There are 2 protein chains.
Amino acid sequence: MGERFPSPAEQTRSALVRAGLVLFGRKGFEGASTRELAALAKANIGSIAYHFGGKEGLHLACADFIVDTIGKIARPALADVAALPPADAEAGLKHAVERIVSFFVASPEIGDFAQFILREMSLPSPAFDRLYSGVFAPTHTQLCSIWERATGEAAESEETRIRMFMLIGQVVYFRIARAAVQRRMGWSDIGPQQAQAIAGVALANLSAVLASRKGKDHP
Amino acid sequence: MGERFPSPAEQTRSALVRAGLVLFGRKGFEGASTRELAALAKANIGSIAYHFGGKEGLHLACADFIVDTIGKIARPALADVAALPPADAEAGLKHAVERIVSFFVASPEIGDFAQFILREMSLPSPAFDRLYSGVFAPTHTQLCSIWERATGEAAESEETRIRMFMLIGQVVYFRIARAAVQRRMGWSDIGPQQAQAIAGVALANLSAVLASRKGKDHP
DNA sequence: GTCTATAAACAGATAGAC
DNA sequence: GTCTATCTGTTTATAGAC
């Protein structure tokens, strides 16, 4: 790890993890066979057992890769917003929503990540623990504290936590229900253009909710 | 079909479909084996081929069962709301959201349906077509027209269609991300009590959005 | 570390007895 | 219609050559 020129072994490991992200995400753990995985990674079948101890080991390594990658991208971005003075928190919150849309809904590279994560959510396997504590919990917690800065409502109240799930859910749903959305909307793809339309409505909703919370007491 | 006392053959068919709903939803098409399916249905392995032509035939039959069941429950309920005079449409819309929460998020019987549907959404198979045209499209279309009655905004505008996806998504997400939600919220289950908390926030959001749309022109 | 050959378990489909 | 035995192919894991 951390070497300037990755050794052949690390290249193989990395190729297998990338293949795992694609195939596990697309077809599920049982649906992806070790042969497919090795073929996509241009590695041999035995390398999975050698490097990861077996199919399940590769699956866990994929989860760790997602945690690392999201940790490097999303976490610092949200941390910046969370550090804004309350006066700017509302604008920061809106910016965060835009980022979530373009990152999670439209970006094609993240597609396999997203499917992998969603699969773990609806059918938690041992890999779920790592995703929850590495991605899910910190992201949601940070969003809650941004909300507190923007509205004055307690970050860890039940209502705020539910509300932040909805904020995420209404957007992430476009990735989850992608096939149905595309048909119903007549979209041949969900790219930057469609993401803009989605973000527009999401931001309008957010503004409406924020406006409705103003003028209420927060004892 | 339609007989007073179901024949043994129909009991077997029905048991296999029920097992299919559970196992396909829980483990995916590849993840569920014909042996497990037959065992759960207390039928023999050969009966799958006999009654449905094979594993995929059973899968399609499960999709048809969902379409029929939802069609009998959700469709007429939404149709009633869609028939309300515009003055009552807003209340009807809120009632519809409450129904969606308790039906889709909290009811345990629907859990396997939901997982089956969600699985087809993220990885469409031949069964997806039936679910889309039998459940998804009619439900979404009806929701859009209810929205039009409540707000005067065109049911089939891009904005309305996106907004209705968000209305559904923010709620359905609690089913999709159930495992993560339970951990983060400290809920040991998502039952009627939790559904009420979810519906409360969803309705507050809806009211806020409706309020923000008032006083705008709809040329 | 890479790659191949093989083992042992498992899959879905089918033929035929009842 | 039900159920069992079996066929054929595929799966993961592993042993060992290089």
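First the proteins, then the strands, lettered A, B, ... as listed; each starts at 1. Just so you know, these numbers use all the heavy atoms, side chains as well, and skip hydrogens, waters and symmetry mates. Only a predicted model underlies this, so the values are computations on that prediction, with no experimental measurement involved.
Nucleic acid contact for B:Ala49: base, since at least one base atom lies under 4.0 Å from a heavy atom of the residue. Heavy atoms of B:Ala32 sit under 4.0 angstrom from primed sugar atoms or phosphate atoms, though from no base atom.
Remark: of the listed residues A:Arg18, A:Arg26, A:Lys27, A:Arg26 is the sole one forming a salt bridge (Lys or Arg N to Asp or Glu O under 4.0 Å) with A:Asp112.
The environment of B:Glu36 atom CD is dense: over 12 non-hydrogen atoms of other residues, nucleotides or ligands sit within 6.0 angstrom. Within 6.0 Å of CD in A:Gln11 there are more than 12 heavy atoms belonging to other residues, nucleotides or ligands. Atom CZ of B:Arg183 has more than 12 neighbouring heavy atoms from other residues, nucleotides or ligands inside a 6.0 Å radius.
In this entry the distance linking CG of A:Leu23 with C1' of D:dT11 reads 15 Å, nearest Å. Distance B:Tyr50 OH to C:dC18 P: 19 Å, rounded to the nearest Å. Distance, A:Phe52 CZ to D:dA13 P: 13 Å, rounded to whole Å. Rounded to a whole Å, the NZ atom of A:Lys42 is 16 Å from the P atom of C:dT2. In this entry the distance linking CZ of B:Phe24 with C1' of C:dG12 reads 12 Å, nearest Å. Following rounding to the nearest Å, A:Glu36 (CD) and D:dT11 (P) show an atom-to-atom distance of 7 Å. A straight line from CG of B:Leu37 to P of D:dC3 spans 16 Å, rounded to a whole angstrom. In this entry the distance linking NE2 of B:His51 with C1' of C:dT14 reads 15 Å, nearest Å.
With hydrogens and angles ignored, the 3.5 Å screen pairs a side-chain donor or acceptor of B:Lys55 with a backbone N or O of B:Ala32.
By the 6.0 Å and 45° rule, B:Arg184 does not stack over the aromatic ring of A:Phe136.
Comparing B:Ala9 and A:Phe29 along DNA chain D, the residue whose closest nucleotide (by nearest heavy atom) sits nearer the 5' end is B:Ala9.
Nearest nucleotide to the side chain of B:Lys55, out of C:dA13, D:dT14, D:dA13: C:dA13.
Side-chain contact between B:Arg119 and A:Leu123 is present, with at least one heavy-atom pair separated by less than 4.5 Å.
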### Message
Please evaluate residues B:Arg163 and B:Glu159 with respect to the criterion salt bridge (Lys or Arg N to Asp or Glu O under 4.0 Å), reporting the C-alpha separation (whole Å), side-chain torsions for both, the decisive distance (0.1 Å), and the verdict.
### Response
CA-CA 6 Å; B:Arg163 205 182 290 282; B:Glu159 189 179 337; 2.5 Å; yes
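Phosphate proximity of C:dG12 to B:Thr34: present, with a side-chain N or O under 4.0 Å from OP1 or OP2.
Close placement of the B:Phe116 and B:His59 rings is indicated, their centers lying within 6.0 Å of each other.
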### Message
Return a single string for nucleotides 4-10 of chain D, one symbol per nucleotide in 5' to 3' order, where B is base contact, S is sugar-phosphate-only contact and - is none, cutoff 4.0 angstrom on heavy atoms.
### Response
B------
### Query
Once Watson-Crick and G-U wobble pairs under 3.5 Å are found, how is DNA chain C written in dot-bracket notation, 5' to 3', with | for any base paired to another strand?
||||||||||.|||||||
